[in-house]
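We count residues from 1, following the sequence as given.
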Amino acid sequence: MLTVVGIVALTLTASAVGLATTIGGVLVGTVQTKAESLTRELKLFDGGYVVRERTASETIADTDGLPYGYTLLVQSPRNGLTGALFDGESGIRTLSADELRDLRTADLSAGSTTAQIGGLGAYRLVSFVAGDVTGVAGVPLAEVDDTVTNVVTTITIVTVGGLLLLSAAIAVVIQRSLRPLRVVADTAARVASQPLAQGAVSITERVPDEEADDHDEIGRVGSALNTLLDHIDASLVARQRNEERMRSFVADASHELRTPLASIRGYSELSLRAMRQGVPGVEETTTSALERIQAQSLRMTSLVEDLLLLARLDEGQELVYGAVDLTALAVDAVADARVAGHDHEWRLDVGDEPVVVAADGTRITQVVANLLANARVHTPAGTTVTTSVRVDGGTAVLSVRDDGPGIDPAVADEIFERFSRADRSRARQTGGTGLGLSIARAIVAAHGGSLTVSSEPGSTTFELRLTARPADPEAGTDAGPAGTAGGAAERA
């Protein structure tokens, strides 16, 4: 602000000086013109029969219209050097020696000049020649000086007042213009004071919409801060969600590992006690305990392998691509499901032509088997499960639909999460570790596909989508032509 006011002050000062100089020059020119005009009106000679030169006092006395302070110096052969001053109050007086000297020594080589005459002040002097008479006439510049002084004073007062008003206006404008920045700074300070390092946090502070207008530069700062805070808030929510998932994952994994470990420890202690105490039938008891220990070891091994598989899939490993016929895969998977779930009704809806994708055949088989096992375990006896394969716009679609009671809405949003279960009791008869669907989705995601679910009472459908007939030879272009939707339907 000081810089702006300083520039304006310098500009106004320069303008004032230039204006005063111009006005002074114009007024001095006017005075000179007036002096030349009065000089031509001077009556330097008598009008009698014999022409006689007049003195300066006589010339002033006989000439009308001379202004107050008019000064005249006359040099003639008859009267010599005379000088007089017209004083409006006391009439005409003779110039002093100092005043005469100042008039005589003035530089009039250009015909006119401005000079100080004794104690009379500044005068505009004009030289003249009339026959044998020469002289210098002077008109006072006091009025000109007063006028210029008044102009300068007026300009100074106006300039100072204008600068004060300008400073106040600039201060108000700057205050109003910078208000959004103050709001942004206050918002940032409030956000900085929040404990964002730990715990469940949410950034609710935002720059008000009226201070975050994208149409001006300052408003864009507020808008950018709001965008940044939205991003940070979303990141914090994601971080909190990941931390909660990690805690839940550790707790679930610990629980799943603790159960078989506890069984192994219990059966081993039971066998050792029986052997030490020589309990009758100890061999039989030991054999049974070892069988249980083996079963629990296998369960624990399966859990660890599932966790390793998820970790490797997250790193993009563990896939071996090849040409996979989803039609044949579905036929084999349904055949296996019939054996495991003879109390369900299994249907197959596939086309006559194979539907080929580039995938890891073992892992895709694992996905389909998991979906069918999920339908068998979580639906009552007599439920109809339909597996279909079709092509939808260059995408191979394998879907598993059942007409069971549907998925509990309380767990529908987290059904693909690790250790997620529809049955919270963790009973062994209702399923495995809760990793099946999360592994299935991870496998499909690693293939660049999608696995989704839609559920309502009487209809639950899992849909697997993969790109059909990829162009990459290593991804299975040697496979046969892709199949079409519809075709033969098989009923169990």
Side-chain angles (χ1 to χ4, degrees), residues 1-34 113-116 121-124 139-197 201-239:
M1 184 179 74
L2 294 177
T3 302
V4 175
V5 173
I7 293 175
V8 173
L10 289 176
T11 303
L12 292 178
T13 302
S15 300
V17 173
L19 180 61
T21 302
T22 301
I23 293 175
V26 171
L27 293 177
V28 169
T30 301
V31 171
Q32 178 172 333
T33 302
K34 181 179 180 181
T113 188
T114 299
Q116 291 287 333
Y123 270 71
R124 187 65 180 178
V139 177
L141 295 178
E143 292 184 1
V144 174
D145 293 340
D146 291 342
T147 300
V148 172
T149 301
N150 291 336
V151 170
V152 171
T153 302
T154 302
I155 292 177
T156 301
I157 294 174
V158 172
T159 300
V160 172
L163 289 176
L164 293 176
L165 292 177
L166 178 62
S167 301
I170 291 177
V172 172
V173 171
I174 291 177
Q175 289 289 327
R176 295 190 62 181
S177 300
L178 296 182
R179 183 177 180 276
L181 290 181
R182 291 195 298 273
V183 173
V184 169
D186 293 342
T187 302
R190 289 193 298 271
V191 172
S193 64
Q194 295 184 11
L196 305 179
V201 295
S202 178
I203 302 178
T204 58
E205 297 289 345
R206 294 292 186 277
V207 179
D209 292 339
E210 60 270 17
E211 308 294 351
D213 187 1
D214 285 335
H215 294 87
D216 61 82
E217 287 75 7
I218 297 180
R220 290 176 62 187
V221 175
S223 178
L225 179 60
N226 282 346
T227 302
L228 175 62
L229 292 178
D230 290 340
H231 177 69
I232 295 176
D233 190 41
S235 300
L236 290 174
V237 171
R239 185 207 70 183

Open item on the list: Name the residue from L228, V237, L236 that meets the side-chain contact (heavy atoms from CB on, under 4.5 Å) definition with I203.
Closed with: L236
Task: salt bridge (Lys or Arg N to Asp or Glu O under 4.0 Å) against D145, all qualifying residues, sequence neighbours excluded - done: none
Measuring from atom [atom1] of [X] to atom [atom2] of [Y], what distance do you get when rounded to the nearest 0.5 angstrom?
{"X": "T149", "Y": "E143", "atom1": "OG1", "atom2": "CD", "result": "12.5 Å"}
{"X": "I232", "Y": "T227", "atom1": "CD1", "atom2": "OG1", "result": "11.0 Å"}
{"X": "L27", "Y": "K34", "atom1": "CG", "atom2": "NZ", "result": "12.0 Å"}
{"X": "L165", "Y": "I170", "atom1": "CG", "atom2": "CD1", "result": "11.0 Å"}

Quick check: do [X] and [Y] have side-chain heavy atoms less than 4.5 Å from each other?
{"X": "T159", "Y": "I155", "result": "yes"}
{"X": "V158", "Y": "T154", "result": "yes"}
{"X": "V183", "Y": "P208", "result": "yes"}
{"X": "D230", "Y": "R206", "result": "yes"}

Open item on the list: Going by salt bridge (Lys or Arg N to Asp or Glu O under 4.0 Å), name the pairs with one or both residues in residues 167-195, residues two or more places apart or in two chains.
Closed with: R179-E211, R190-E205
Open item on the list: Go through it in stages, so that I can follow the logic: the residues are L225 and V191, the test is side chain to side chain contact (heavy atoms under 4.5 Å, CB included), and I'd like the CA-CA distance, side-chain angles, deciding distance and then a yes or no.
Closed with: CA-CA 11 Å; L225 179 60; V191 172; over 6 Å; no
TODO: Without swapping roles, check the side chain of N150 against the backbone of D146 for a donor-acceptor pair under 3.5 Å.
DONE: yes
